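Read the structure below first, then the notes.
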Amino acid sequence: MRTSITGMNDFPQATLAMWQARVAAILKGESAEKLVSRTADGIRLEPLYQQVQGARAERAEHAPWIVMQRVDHPDGVKANAQALDDLENGAGGLCIINGNVDLGRVLQGVALHAIHVRLEGGETLTKAFAAYVGKQPIDPARLSVSFGAGDVEELVAQGFNGPFLEADGRVFHEQGASEAQELACVLARIVGALRKFEQFSPEAVVGATLAANQDMFLTLAKFRAIRLLWARVLEASGIAQQALRLHGETSRRMMARLDPHTNILRATAAVFGAGLGGADTFTVLPFSIAQGLPNAFARRMARNTQLILLEESQLWRVADPASGSGYVESLTHDLCERAWALFQGFEKTGKLPAFDSRNVSSDPIIGTKAHQLPKEFEAAVESTP
């Protein structure tokens, strides 16, 4: 039996004027402008937003994003052991980094048809993987593989589905690109790939990769923005809407070498934003990666950071959860407009912008430049650079 609570509906309807009056009272005559901040792109961040309805920016398939783990050990036997351990303990895919490893050894015992694979070792790795699959009793069409580079026509002829190329924003991010600059550069790479391979469907030709940093809401807006920009490109090209395969990875430039355990917090905020922003797959860099080759504990923490958010926090349950949020919708819209304007500039000049290295040097601060440990913990690595 449903009962009502006395006085539950007696509260006055909150209005923008009421909130502004509260803020003015707290500021005691000072201008509310002091509460405004700006992003690296100069986008104005207001202290107060109202609800805004914008375009939906959700994954094509309403399902959990895939937890990816790096396969980066130079020893094939150890790399295989790491890969099997990751897959047995919650990872749903592998990012193979080294293009010079023995794939037969690294992938021994790995059920390729049951996981997602990302190849990040260039054309050498792509050719090696295609050759390896060609020798196995596996139908390439059944595999879920994102190729970073390679001969598209050869891969299609072998039966792979793609995406075969990657518009990777991480390289621009690491050079100091702002969020809008990173988006614009990725967009330029996407359009270049689509022009080169017009005979194939866009979703088969190219996927996108973005860096995710500790600014959770800005990351969320950036991941939403690339989906809207992708849709805008397809619409402008007269192409029917198709899904974008979107991958994310925690920002390497935010990873502290001193007091590296603070990187766990940064990574959590980053994957939180990217997951809510619609990433299909995501890689968390182990917290000790700035110190050397991460050990088993650091890899486990990277994996479990995502598993907790997926299995305990259930972040994937709501499609595009930021939809309607005035703050995120406005930020997404502004990023789209800035990125589109930059992209149009690239189209006219054929040149990418000069990035601001100060964006790199400003990350991170807590635990490194301020409140530094009197004595560092032993590094969670197998070997140092």
Side-chain angles (χ1 to χ4, degrees), residues 54-70 86-87 89-95 115-116 118 144 146 163 166-170 173 179 182-183 186 207-231 243-255 263-287 289 299-325 327-329 331-332 335-336:
R56 295 297 294 269
E58 57 193 55
R59 291 185 292 273
E61 181 181 358
H62 182 52
W65 69 83
I66 299 175
V67 177
M68 305 295 293
Q69 282 284 85
R70 289 166 57 90
D86 288 327
L87 293 174
N89 289 282
L94 300 174
C95 290
I115 67 170
H116 178 67
R118 283 183 57 83
S144 176
S146 291
E166 196 74 12
D168 196 339
R170 293 173 297 181
H173 174 81
E179 286 72 25
E182 181 185 352
L183 288 168
V186 168
T209 297
L210 296 176
N213 68 13
Q214 69 271 34
D215 191 327
M216 184 176 66
F217 288 106
L218 195 52
T219 293
L220 197 166
K222 182 170 71 171
F223 275 70
R224 295 182 82 243
I226 192 58
R227 290 200 180 278
L228 299 181
L229 290 167
W230 162 269
L244 170 68
R245 169 72 73 169
L246 179 57
H247 178 68
E249 182 177 274
T250 47
S251 164
R252 188 179 287 268
R253 84 184 193 195
M254 78 173 179
M255 303 296 277
N263 291 330
I264 299 173
L265 301 177
R266 297 185 184 95
T268 302
V271 68
F272 193 102
L276 294 185
D280 295 301
T281 57
F282 198 88
T283 304
V284 170
L285 298 177
F287 70 86
I289 198 167
R299 293 177 63 88
R300 175 172 173 262
M301 292 300 294
R303 185 177 66 237
N304 286 352
T305 296
Q306 296 199 64
L307 292 177
I308 290 173
L309 293 177
L310 281 168
E311 304 299 337
E312 294 190 16
S313 298
Q314 299 285 311
L315 293 192
W316 66 274
R317 292 287 182 184
V318 179
D320 196 15
S323 178
S325 163
Y327 174 35
V328 179
E329 290 282 17
L331 189 52
T332 301
L335 281 175
C336 284

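Along the sequence shown, residues are numbered consecutively beginning with 1. Treat the numbers as computed from the prediction; the structure is a model and nothing was measured.
The distance from atom CZ of F282 to atom CG of L309, rounded to the nearest 0.5 Å, is 10.0 Å. Once rounded to the nearest 0.5 Å, the distance linking CG of D86 with CG of L94 reads 7.0 Å. Atom OG of S313 sits about 11.5 Å away from atom CG of L307, to the nearest 0.5 Å. Separating the CD atom in E182 from the CZ atom in R170 is a distance of 10.0 Å, to the nearest 0.5 Å. For the atom pair OG (S146) and CE (M68), the distance works out to 7.5 Å, reported to the nearest 0.5 Å. To the nearest 0.5 Å, the span separating CD on E179 from CZ on F223 amounts to 11.0 Å.
Checked against side chain to side chain donor-acceptor pair (under 3.5 Å), W65 has the following partners two or more places apart in sequence or in another chain: Q306. Partners of L265 by side-chain contact (heavy atoms from CB on, under 4.5 Å), not counting sequence neighbours: none found. The side-chain contact (heavy atoms from CB on, under 4.5 Å) search around A302 returns Q69, V284, P286, not counting sequence neighbours.
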### Message
Before you tell me yes or no, could you show the steps for I289 and R70 under side-chain contact (heavy atoms from CB on, under 4.5 Å), namely the whole-Å CA-CA distance, both residues' side-chain angles and the distance that decides it to 0.1 Å?
### Response
CA-CA 11 Å; I289 198 167; R70 289 166 57 90; 4.0 Å; yes

### Message
Before you tell me yes or no, could you show the steps for W230 and I226 under side-chain contact (heavy atoms from CB on, under 4.5 Å), namely the whole-Å CA-CA distance, both residues' side-chain angles and the distance that decides it to 0.1 Å?
### Response
CA-CA 6 Å; W230 162 269; I226 192 58; 5.5 Å; no

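At most 12 heavy atoms of other shown residues, nucleotides or ligands fall within 6.0 angstrom of atom CZ in F217. Counting non-hydrogen atoms of neighbouring residues, nucleotides and ligands closer than 6.0 angstrom, the CD atom of E61 reaches no more than 12 such neighbours.
Side-chain atoms of R245 never come within 3.5 Å of backbone atoms of E166 as a donor-acceptor pair (strictly under, hydrogens ignored). A donor-acceptor contact shorter than 3.5 Å links the side chain of T219 to the backbone of N213. Distance alone, capped at 3.5 Å, is enough to place a donor-acceptor pair between the R303 side chain and the N89 backbone. For the pair H62 (side chain) and V318 (backbone), a donor-acceptor distance under 3.5 Å is absent. A donor-acceptor pair is defined here as one N or O able to donate and one able to accept, closer than 3.5 Å; such a pair exists between the side chain of K222 and the backbone of A211. A donor-acceptor distance shorter than 3.5 angstrom exists from the side chain of S251 to the backbone of R253, with no hydrogens or angles considered.
Counting all heavy atoms, side chain and backbone alike, A279 lies closest to R59 at O-CD, 3.1 Å. In terms of heavy-atom proximity, R56 sits nearest to A319 at NH2-O, 3.0 Å. Taking every heavy atom of both residues into account, G207 and P163 meet most closely at N-CB, 3.6 Å. Residues L285 and M255 approach most closely at O-CE, 3.6 Å, considering heavy atoms. Nearest approach of D168 to V186, heavy atoms of both residues: C-CG2, 4.2 Å. For L228 against A57, the heavy-atom pair with the smallest separation is CD2-CB, 3.9 Å.
Proximity of L244 to D280: side-chain heavy atoms (C-beta onward) are nowhere separated by under 4.5 Å. Taking 4.5 Å as the limit, every side-chain heavy atom of I308 sits out of range of all side-chain heavy atoms of T268.
Of the charged side-chain nitrogens involved, at least one lies within less than 4.0 Å of a carboxylate oxygen, so that R224 and E329 count as a salt-bridged pair.
No side-chain donor from either of T209 and H247 sits under 3.5 Å from a side-chain acceptor of the other.
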